Visitor: 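Have a look at the structure that comes next, please.
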Amino acid sequence: MPELPEVETIRSQLAAALPGRRIRAVDLLTESMLLDVTSAEFTAALEGRRIIDVRRRGKFLVFPLNGDLFLTIHLGMTGQVLLEGPTGPSVSPHNRFVFRLDAPASAVAVATGAPGALLVFRDIRKFGRVHLTLSGPAARVARMGPDAWPGDDWDEAGLSAMMRGRRAPLKAVLLDQRHVAGIGNIYADEILFAAGLSPVRAAGSLSAHEIGKLAAEIKLTLAEGVRLRGCSISDYVDAGGEGGGFQRVLRAYGRQGQECLRCGGTMVRTIVAGRGTAFCPSCQR
DNA sequence: CCCAAGTCCTGGTTGC
DNA sequence: TGCAACCAGGACTTGG
């Protein structure tokens, strides 16, 4: 699933190719995934609009456009954003939005050979959402806590305050985007394994030392995810259609029944916060 | 038929 | 006791 490292990989690719380019036309193929405006308003407002920047907030992509408009995209569970050449879009029954762009306008995009006269939002499961709003990103983006990575705007003290007094399982708090934004099910399991903490511990029960370890592993694990360009365990590919590499270094997610890479015990699976959860009961306390 | 999962929503519980 | 904060679980979606 696209979590912070996957969305960040896509963002960096798009940021190298899109700023300065205009949206010539839009094909809206699945209306149910559009929020905040009608289809007619959406296509009319985007036509001729220039993309100013490509930003990320948690798992959201945010495209500021000229005229104080903001396009906000969430990839849900199986969403992909693909930059394709002008002959496309490649045929798929799961294409949901196709943004037809003009030729590259920036010298950088030309120099890097940025392809992409088309920006395709494809999503098998329709969990993804597209917003078009005025004066700022979609309202749901404002509800996000500080970005988990790179983590310049939160620290151990902030994490401690988020956890204090909570009886909810530790993993549920990591997954709650209002506390720290960008962590999903895969990275949550990996972070908790790395920190040696049980996903079912009450969040409020962590010691200061454990909070410190957790804070460090959130940043380290997501940094590794970004470095390896995301985790392609199911549908994820980057904007060029390439898979990431993080699936090769998974130590917890999906490893139930297998040997713990730290203590040699057996990894188990349980449900936490409604999500499948793999962990080592002997070395994650 | 069940499972996968991110977000929103609802309804029940807890604790000040 | 009242009320807000908190927390669990369902809905949505479709391919394996």
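Every chain is numbered from 1, with letters handed out A, B, ... down the list of sequences. From a predicted model like this one, the values you see are computed outputs, not experimental measurements.
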Visitor: Using the P atom as the reference point in each nucleotide, state the distance between B:dC1 and C:dA11 in Å, no decimals.
Guide: 15 Å
Visitor: Any side-chain heavy atom of A:V26 within less than 4.5 Å of one from A:V98?
Guide: no
Visitor: Do A:C231 and A:E6 have side-chain heavy atoms sitting under 4.5 Å apart?
Guide: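 A side-chain contact exists here, since the closest heavy-atom pair is under 4.5 Å.
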Visitor: Report the distance from atom CG of A:L4 to atom P of B:dA5, rounded to the nearest whole Å.
Guide: 18 Å
Visitor: Are more than 12 heavy atoms from other residues, nucleotides or ligands located less than 6.0 Å from atom CD of A:E47?
Guide: no
Visitor: Find the distance A:M162:CE to C:dA5:P and express it as a whole number of Å.
Guide: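 So the two atoms are 18 Å apart, to the nearest Å.
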Visitor: Roughly, in whole Å, what's the span from CZ in A:R166 to P in B:dT13?
Guide: 20 Å
Visitor: Atom CG of A:D235 and atom P of C:dT13: how far apart are they, to the nearest Å?
Guide: 17 Å
Visitor: If I take atom CD in residue A:Q80 and atom P in nucleotide C:dG15, what distance separates them, rounded to the nearest angstrom?
Guide: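 Going from A:Q80 (CD) to C:dG15 (P), I get 13 Å.
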Visitor: Do A:R125 and C:dT13 share a donor-acceptor pair, side chain to base, under 3.5 Å?
Guide: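 By the distance-only test, no, there is no pair.
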Visitor: What's touching nucleotides 6-10 of chain B from the protein side, N or O pairs under 3.5 Å?
Guide:
unit_1, atom_1, unit_2, atom_2, d
B:dG6, OP1, A:N185, N, 3.3
B:dG6, O3', A:H74, NE2, 3.1
B:dG6, N7, A:R275, NH2, 2.5
B:dT7, OP1, A:H74, NE2, 2.5
B:dT7, OP2, A:K59, NZ, 3.3
B:dT7, O3', A:R140, NH2, 3.0
B:dT7, O4, A:R275, NH2, 3.0
B:dC8, OP1, A:R140, NE, 3.0
B:dC8, OP1, A:R143, NH2, 3.2

Visitor: Can you tell me the distance, in whole Å, between the CG atom of A:D123 and the C1' atom of C:dG15?
Guide: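 After rounding, the reported distance stands at 12 Å.
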Visitor: Is there side-chain contact between A:T30 and A:K126, with at least one heavy-atom pair below 4.5 Å?
Guide: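 A side-chain contact under 4.5 Å exists here.
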Visitor: Using whole Å, report how far CG of A:D176 lies from P of C:dA8.
Guide: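 Taking CG of A:D176 and P of C:dA8, I get 11 Å after rounding.
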Visitor: Find the distance A:Y253:OH to B:dC3:C1' and express it as a whole number of Å.
Guide: 11 Å
Visitor: Could you pull out the closest heavy-atom pair between A:I124 and A:D235, with the gap in Å?
Guide: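 Heavy atoms only, the tightest pair is CD1-OD1, 3.3 Å.
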Visitor: Kindly determine whether A:I23 and A:F63 satisfy side chain to side chain contact (heavy atoms under 4.5 Å, CB included), including the steps that lead there.
Guide: CA-CA 12 Å; A:I23 299 168; A:F63 303 77; over 6 Å; no
Visitor: Base, sugar-phosphate, or nothing: which does A:G128 touch, judged by heavy atoms less than 4.0 Å apart?
Guide: nothing
Visitor: For the residue pair A:F97 and A:F42, categorise the inter-ring angle as parallel (less than 30°), tilted (30 to 60°) or perpendicular (more than 60°).
Guide: perpendicular
Visitor: Looking at A:K126, does any N or O in its side chain come under 4.0 Å of the phosphate oxygens OP1/OP2 on C:dC12?
Guide: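 So the side-chain polar atoms of A:K126 never come under 4.0 Å of the phosphate oxygens OP1 or OP2 of C:dC12.
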Visitor: Under 4.0 angstrom, heavy atoms only, what part of the nucleic acid is A:P93 near: base, sugar-phosphate, or nothing?
Guide: nothing
